[in-house]
Amino acid sequence: MRKVLEVNNLRKSFGTFCAVDGISFSVNEGDIYGFLGPNGSGKSTSIRIVLGLMKADAGEVRLFGEQLTNNRARLLGRIGALIERPDFYNYLSAFENLRLLQSYVGLSYDANAIMNSLEMVGLAERAQSKVRTFSQGMKQRLGIAQALIHNPELVILDEPVNGLDPQGIKDMRNLLLKLNADQGITFIVSSHILREMELIANRMVVISKGKVLVEGNVKELISAGKQHVTIIAEPAGIAFELLQASYPGSSFTMNKLLEIESHLLPSETAVVNRLLVDAGIAVQQLNVRNSLEDYFLQLT
Amino acid sequence: MQLEFIKLFKRGFTYIGFVAILVIVLIIQVGMFVEGKKLLDFLIKSLSDVFLFEGELINVYTVSYIILNSLWIHVPILVAIVAGDMLSGEAARGTFRLLLTRPVSRAKLLTAKYITAQIYTFLLVSFLMLMSLGVGLLFFDTGDMIVLMNTINILESDDVLWRFAAAFLFGTLGMWVVSGLTFLFSASSGNSLVPVISGMSILIVFTIMSNFSIGVFDLIKPFLFTTYLSGWQLFFDDPVSWNLILKSGFILSAHITVFYFLALWIFYRKDIQS
């Protein structure tokens with residue numbers, strides 16, 4: 001599989017603060033690649049370096065197999081991006097903004113392409129409205145439209161669902177999945193809404209304090225990690241005491257509904273179930289949740 | 001560059017300078033129309049004992065010259081407001097992220113913006129010329145022009161227009177330096193006010209240094225661009241000091257070039273964090 005983006009040992013410091021500390025990851029063609037990390041982990045700095053907005057202190061960025069530093073302008077023509085807030089020229093209309101940005105890519109004026117982009121994000125009816133009259137969600141959608149205006153092969157989106165309502169989030173998810181499936185566009189999506197990432201990303205990297213914690217296939221990583229387990233047993237108190245005694249120092253807790261909760265590896269879950277059953281405790285429910293959120297919280 | 005023009009002239013903010021010049025020039029012209037004779041009589045009172053003045057001394061040329069002398073204080077501020085916003089405005093609005101993630105080189109973007117700022121300056125100074133001479137004709141006749149400098153020069157009316165044209169061109173060169181200076185500050189700032197205030201502060205401090213005859217300042221004066229900003233007045237001297245004009249023009253041009261390359265150097269190295 002062709003690598004669309006390769007980041008090798010990237011470093012960037014601001015004074016004495018090291019924002020990006022030797023991170024490496026790669027994105028394959030056709031991926032929807034989740035770029036995850038807590039606030040201040042170095043996500044935005046890394047993305048800005050990849051897009052040439054910042055210069056790295058060390059390391060290498062290769063886009064479509066070529067070094068970014070030597071071919072920046074040409075390579076950026078194949079990329080669409082929305083970085084952090086969707087800021088536009090507020091005194092221009094949505095259409096005029098896209099027309100302007102279309103020209104910056106070096107494309108000749110194409111009103112149909114602009115209207116198609118606006119149509120795609122549900123803003124066609126507001127094409128002639130000044131951006132200053134737009135809500136945050138509408139600006140976000142316009143941000144997606146500008147990233148797609150020149151039919152890029154790779155789209156980098158930083159927090160694309162910020163400011164969107166639930167329907168907007170769903171529409172955005174469907175749009176990304178459709179573009180990925182139909183046009184083969186590769187996406188790198190940074191978001192703190194982990195549920196969304198779990199629904200769209202096939203591969204991901206998790207970074208924290210400027211370092212890569214893990215990179216790989218989303219489903220494999222989540223299933224290999226600890227699961228959130230909720231046990232409803234009768235009698236609950238005895239079950240809880242038994243588990244605490246059997247696993248001293250473990251993370252078993254009991255909530256107000258007398259449900260026992262913990263994070264366990266898949267193999268541990270089976271052993272716990274057997275322990276309770278062998279002790280004559282009725283295990284009424286054993287709910288296992290494999291979520292990206294749980295996995296992310298364990299990592300970071 | 002066309003894109004920079006679209007962005008510039010689609011903003012109401014851009015027209016503040018033109019409106020300000022229109023209002024100020026009209027006020028001065030109406031004031032001179034009503035009270036100008038008294039003012040000129042006062043200025044040449046001491047000379048009236050020695051010289052005999054005949055004809056209409058308050059005419060479009062004399063009034064335009066007075067307007068130019070007063071407006072060269074205001075024009076730099078109007079120029080700085082737009083030039084200072086060219087780069088820092090994009091940073092403040094966050095639109096650099098949109099532009100610089102496109103296949104546009106930083107050098108090209110900065111050069112387009114620098115030229116746009118300088119064309120805006122040219123248009124503003126041209127507007128000033130049009131207003132002071134063109135609209136002045138609605139209020140005043142033409143005639144010989146009196147210029148009070150170190151000496152008193154009386155320039156015949158058919159010898160005046162070329163001097164105004166040359167003075168405006170030279171004035172544009174001076175304003176390009178001011179524009180270049182604020183543009184330079186704009187390259188390193190994320191706030192539109194900082195370049196304007198920084199540029200104006202330097203202009204004020206340098207102007208004071210250029211006009212004070214103190215030993216230390218005299219050593220520095222030849223290197224300050226402000227020493228040469230009033231070079232446009234030299235075109236109303238008789239005979240015209242071409243050597244001084246050429247020297248002033250060269251030094252101002254050198255400043256315009258240096259400011260451009262410094263801005264380019266700063267912008268090229270700049271991390272876009274906004």
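Chain letters run A, B, ... following the sequence lines, proteins first and then strands; every chain starts at 1.
The number of heavy atoms from other shown groups lying within 6.0 Å of CZ (B:Phe33) does not exceed 12. Atom CZ of B:Phe9 has more than 12 heavy atoms from other residues, nucleotides or ligands within 6.0 Å. Heavy-atom contacts from other residues, nucleotides or ligands closer than 6.0 Å to CZ of B:Phe122 number 12 or fewer.
Taking B:Leu109, B:Leu100, B:Val104, B:Leu3 one by one and counting their heavy-atom pairs under 4.5 Å with chain A, the maximum is reached by B:Leu3.
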Between chain A and chain B, which donor-acceptor pairs sit under 3.5 Å apart?
unit_1	atom_1	unit_2	atom_2	d
B:Glu4	OE2	A:Tyr104	OH	2.6
B:Lys7	O	A:Tyr91	OH	3.2
B:Lys7	NZ	A:Tyr89	OH	3.0
B:Lys7	NZ	A:Tyr104	OH	2.9
B:Lys10	NZ	A:Glu96	OE2	2.7
B:Glu90	OE1	A:Tyr89	OH	2.7
B:Glu90	OE2	A:Tyr89	OH	3.2
B:Arg97	NE	A:Ile83	O	2.9
B:Arg97	NH2	A:Arg85	O	2.5
B:Arg97	NH2	A:Asp87	OD2	2.7
B:Leu100	O	A:Arg72	NH2	2.6
B:Arg102	NH2	A:Gln146	O	3.1
B:Arg102	NH2	A:Gln146	OE1	2.1
B:Val104	O	A:Arg72	NH1	3.1
B:Arg106	NH2	A:Gly52	O	3.3
B:Arg106	NH2	A:Leu53	O	3.1
B:Tyr268	O	A:Lys55	NZ	2.7
B:Asp271	OD1	A:Lys55	N	3.0
B:Asp271	OD2	A:Lys12	NZ	2.5
B:Ile272	N	A:Leu53	O	2.9
B:Ile272	O	A:Arg48	NH1	2.5
B:Ser274	O	A:Arg48	NH1	3.3
B:Ser274	O	A:Arg48	NH2	3.3

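Proximity to chain B is absent for every atom of A:Ile47, based on heavy atoms less than 4.5 angstrom apart. Of the two parts of B:Phe13, neither the backbone nor the side chain holds a non-hydrogen atom closer than 4.5 Å to a non-hydrogen atom of chain A. In this structure, chain B has a heavy atom under 4.5 Å from the side chain of A:Leu92, while its backbone stays farther away.
Just one of A:Leu100, A:Leu82, A:Leu101 meets the side chain to side chain contact (heavy atoms under 4.5 Å, CB included) condition when paired with B:Leu98; it is A:Leu101.
Annotation for B:Pro103 and A:Ala73: closest pair CB-O, 2.7 Å, computed over non-hydrogen atoms.
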